[in-house]
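Sequence lines set the chain letters: A, B, ... in the order given, protein chains first and strands last, and positions in each chain run from 1. Keep in mind that the numbers below use all heavy atoms, side chains included, and drop hydrogens, waters and symmetry copies.
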Protein chains: 2
Amino acid sequence: MVDVAARAGVSVKTVSRVVNNAPYVQPELAQRVLAAVAELGFRRNHLASSLRSGQATATIGLLIEEIANPFYATIAGAVAEVASDHDTMLLIASSEEDPAREQQLLRDLCARRVDGLLVVPAGEDHSFLQSEVDLGTPAVFLDRPAGELRADTVLLDNRGGARAGVRTLVEAGHRRVGILLDSTSVYTMRERLAGAREALAAAGAAIDDRLVRDGIRDPGTAARVVGELLDQPDPPTAFFSLNNRISLGAVEELHRRGSTAALLGFDDFDLARLLPYPFTVVAYDTRALARAAAELLFRRIAGDPSEPRSLLIPTDLVERGLPGR
Amino acid sequence: MVDVAARAGVSVKTVSRVVNNAPYVQPELAQRVLAAVAELGFRRNHLASSLRSGQATATIGLLIEEIANPFYATIAGAVAEVASDHDTMLLIASSEEDPAREQQLLRDLCARRVDGLLVVPAGEDHSFLQSEVDLGTPAVFLDRPAGELRADTVLLDNRGGARAGVRTLVEAGHRRVGILLDSTSVYTMRERLAGAREALAAAGAAIDDRLVRDGIRDPGTAARVVGELLDQPDPPTAFFSLNNRISLGAVEELHRRGSTAALLGFDDFDLARLLPYPFTVVAYDTRALARAAAELLFRRIAGDPSEPRSLLIPTDLVERGLPGR
DNA sequence: ATGAAAGCGCTAACAG
DNA sequence: CTGTTAGCGCTTTCAT
C-alpha cells in the first residue's frame, strides 16, 4: 500500500479510501490510485485490515461431524449460500464426533476471529465457549442442542416426527415394532426413540425391549439384525429404522426374504422411489434447518441482543406404502 | 498478551514463547504464564500472528462448484483430512460454475493470504492467478485443467475410462450406442465423449451423431431422451450415460419399458446394486483424486520448486451385467 | 478532501 | 534463558 501510494503520489490513507470505496476522494486521484494498483498488482491484505479494524473478518466457522456425509454436505451448501448473501466466507471443520477435537477446532476458529460460529455439537459440554460468546463471537447450534451453554439452537422435530410415523404403524394394526438405531449416545437417536415409545404407549402397546436394537452402524449390520429379529419367535410385524443407513440394510434384507413386514424410516432418500421394497419415511428439510441457523447467526452478528432462541424444524411423513398387519 | 505478561510478571515475548511452545523457557515462568492465560481467558490472535510472521496462515482455500453436490463433498472430505494432518484449516468457496464468481472468490481467498489453493476450475482463463502463484501462493487444479496457467493438475482418466467402457459394449456386439451427456462445454464431458468415439472408431463403427444427445441436466430429461431414442427407427442397442444423474434417468426408463438395451454409465453409485436395472459403470476413486491434489499442494507449500506436474487418476470398470446384442 | 501519526496483537531480531 | 524494540499492512484519529 505504501508502494501504491508512492507510485500514485498520494498518501496511504488515500489508497486505503480508494481500495475500500470510501467517499470523498477526487475522481482524478482515485484514477491514479487504481492505475497504480493495477500496475503493481496490489492486493489488499485482509488479515491486516481486520486486525486493525477490530471485527469483521467476513468469515464464519462451521463445525460439523464430517463434510463428506451428505447430510452435512447439504447443511454446508445451505450455509454457504446464506454466507454468500452476506459476503462472508466459510471455514469448515470436521469434528469426527470427537469432543476433544471439537473443542480444539472451536478454539482454533475463535483464534482466527471468525465473526460467528455454527456448530453441530459432538460433545456434551460447551461451557468453554461461554467466554468467546461473551466476548462477542455468537454461536448457533444446529441439529443437536448445546451442552452447558445458553445459546441459539435450531433442531429437527425428531420426537414429533417419530411419533407421527410410528402412529401410522400402530393405526395399520402393528403392535410389535422392531426399532433399529445406531447409538443412544446421539441426541437425535434418543429423541426419535422417545417419540416411537410415546406413539406405542399411546396405543397401549407395551414396548418389548428385545425388539429395540442399537449399535447398528452400517447397512450390513442392519440387514443382519433384521434377519435375527424376524427369525425369533413372535417376530416384529413392522420395523422403524432411525436413519437412512439403517433403512438401506433393512430394505435389502426384507426384499431378499420377500417379507411383508412394514418398514418406516427416519430420513428420506433420493432414490427411495427406485428401491425394491416400499417404505414410508419421516422426511425433513435439511436445507431449511441450515438456513434457519445461518440466518439466525447473521442476525446475531448484526447485533441482535435478544434472548437465545430455540427453533424447531417440522418433519413430514412421506407415505410410500405400508403393509398392515 | 500485554495483560497476560503483566499478570505473570514477565515480558510479552516470554508469553509469546510459552503460547507457541517455544523452547528455552523456565518451567516456573511457563507455569505463571499459563496460569495468567487461564485466569484472563487469553486466546492468541491468529490473525496478528500470521500478519507479523509473514506466511503460514495454516489455511488453504478450496474452490469447487457446489459443496452440496456429493462429488464435491467427497473431495472436500478428503481434502479436509489431508489438511488436518497438516494442522491446516479449510476455507471452502463455491463458484456455482460462474467464471466471474470464481475469479472473485479466488482473489478473495488470496487476500486472506491462504497458504495454497485447490481449484476445480469453472472458467477458461486463470491467468489472473499468475501473479499470486509467482508471489508464493501455490495452486493445484483438480478434475479439470487450468486455463492459461501453468500449474499442477490432477485429473481423472476420463478418456481412457470411457474408451475402456465403450470397448466392452463393442465387444458385446453393440454398434449403435446412444450417448447421453449434459454439456460439451464441460471438460470432463468432452473427454468422455472423445473416449467413446475412439472406442467406436477402433471397432470400425461409424458414429451416428443422431445418437449423441446433450443438454441433459436431470434424470427426468434423461428418461425422456432414452425413450425418444428407443422410439426412433433403428434404435440404439446400448446406452452410454456420461454421469450418474443421467444414468439414474436411463435406469428408470429402461426398467419401465422392460428394455434389454445395455447400459454403461460413467460414475459409480452407492446404491447401484439395488437399482432395478443392471448396468456397468466406469468407476473412479474421488477421494484418491482429492488426496493426490491436496498432498501435492502441501508439497508445494513446503517449498517443492519442481516443474508443474500432471497426475492422472485411473478409472475402473465395474461390470454389473451388460446384455449383448 | 487529504495526510501524518499512532497502534491493532503479535513475533523477528537483537541484546543482555 | 529473558527482555526490548521495531514493525507486519492496514485503518483510526485527528489535523489541515
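- Minimum atom distance to the side chain of Val10(B) is reached by dG3(D), of the listed dC10(C), dG3(D), dC10(D).
- The distance from atom CE of Met1(B) to atom P of dC10(C) is 5 Å, rounded to the nearest whole Å.
- Between the P atom of dG9(C) and the CZ atom of Phe42(B) lies a distance of 10 Å, rounded to the nearest Å.
- Distance CG/Leu62(A) to OH/Tyr72(A): 10.5 Å, rounded to 0.5 Å.
- Comparing dG3(C), dT2(D), dG9(C) by their closest approach to the side chain of Lys13(A) singles out dG3(C).
- Between the CG atom of Leu47(B) and the P atom of dG7(D) there is a distance of 22 Å, rounded to whole Å.
- Salt-bridge formation is detected for the pair Glu307(A)/Arg150(A): a Lys NZ or Arg NE/NH1/NH2 atom is positioned less than 4.0 Å from an Asp or Glu carboxylate oxygen.
- Among the nucleotides dT11(D), dC1(D), dC10(C), the one closest to the side chain of Asn20(A) is dT11(D).
- When distances run from any side-chain atom of Thr14(A) to the nucleotides dG3(C), dC10(C), dA13(C), the shortest one goes to dG3(C).
- In this structure, Asp115(B) CG and Leu91(B) CG are separated by 11.0 Å, a value rounded to the nearest 0.5 Å.
- Taking the side chain of Ser11(A) as heavy atoms from C-beta on, and the options dT11(D), dT11(C), dG3(C), the nearest nucleotide is dG3(C).
- If you take CG of Leu51(B) and P of dA12(C), they are 12 Å apart, rounded to a whole angstrom.
- The minimum heavy-atom distance between Ile67(B) and Ala73(A), with the atom names listed, is O-CB, 3.8 Å.
- Here Leu29(A) lies in heavy-atom contact (under 4.0 Å) with sugar-phosphate atoms only.
- Between Asp152(A) and Arg299(A) there is no salt bridge, since none of the side-chain N atoms of the basic residue sits less than 4.0 Å from a carboxylate O of the acidic one.
- Nearer the 5' end of DNA chain C, as judged by each residue's closest nucleotide, is the contact made by Ala48(B), out of Ala48(B) and Arg17(B).
- Regarding Leu40(B), its CG atom lies at a distance of 15 Å from the C1' atom of dG9(C), rounded to whole Å.
- Atoms CZ (Arg52(A)) and C1' (dT12(D)) sit 5 Å apart, rounded to a whole Å.
- Between the side chain of Arg43(A) and the base of dG9(D), no donor-acceptor pair of N or O atoms lies under 3.5 Å.
- Summarising the geometry, the separation between CG on Asn45(B) and P on dG9(D) is reported as 16 Å, rounded to the nearest angstrom.
- Tyr24(B) places its OH atom 17 Å from the P atom of dG3(D), with the value rounded to the nearest Å.
- Applying the 4.0 Å criterion to OP1 and OP2 of dG9(C), one finds that Arg113(A) has every side-chain N and O outside that range.
- Each of Val19(A) and Gln26(B) was assigned the nucleotide of DNA chain D with the nearest heavy atom; the assignment lying further toward the 5' end belongs to Gln26(B).
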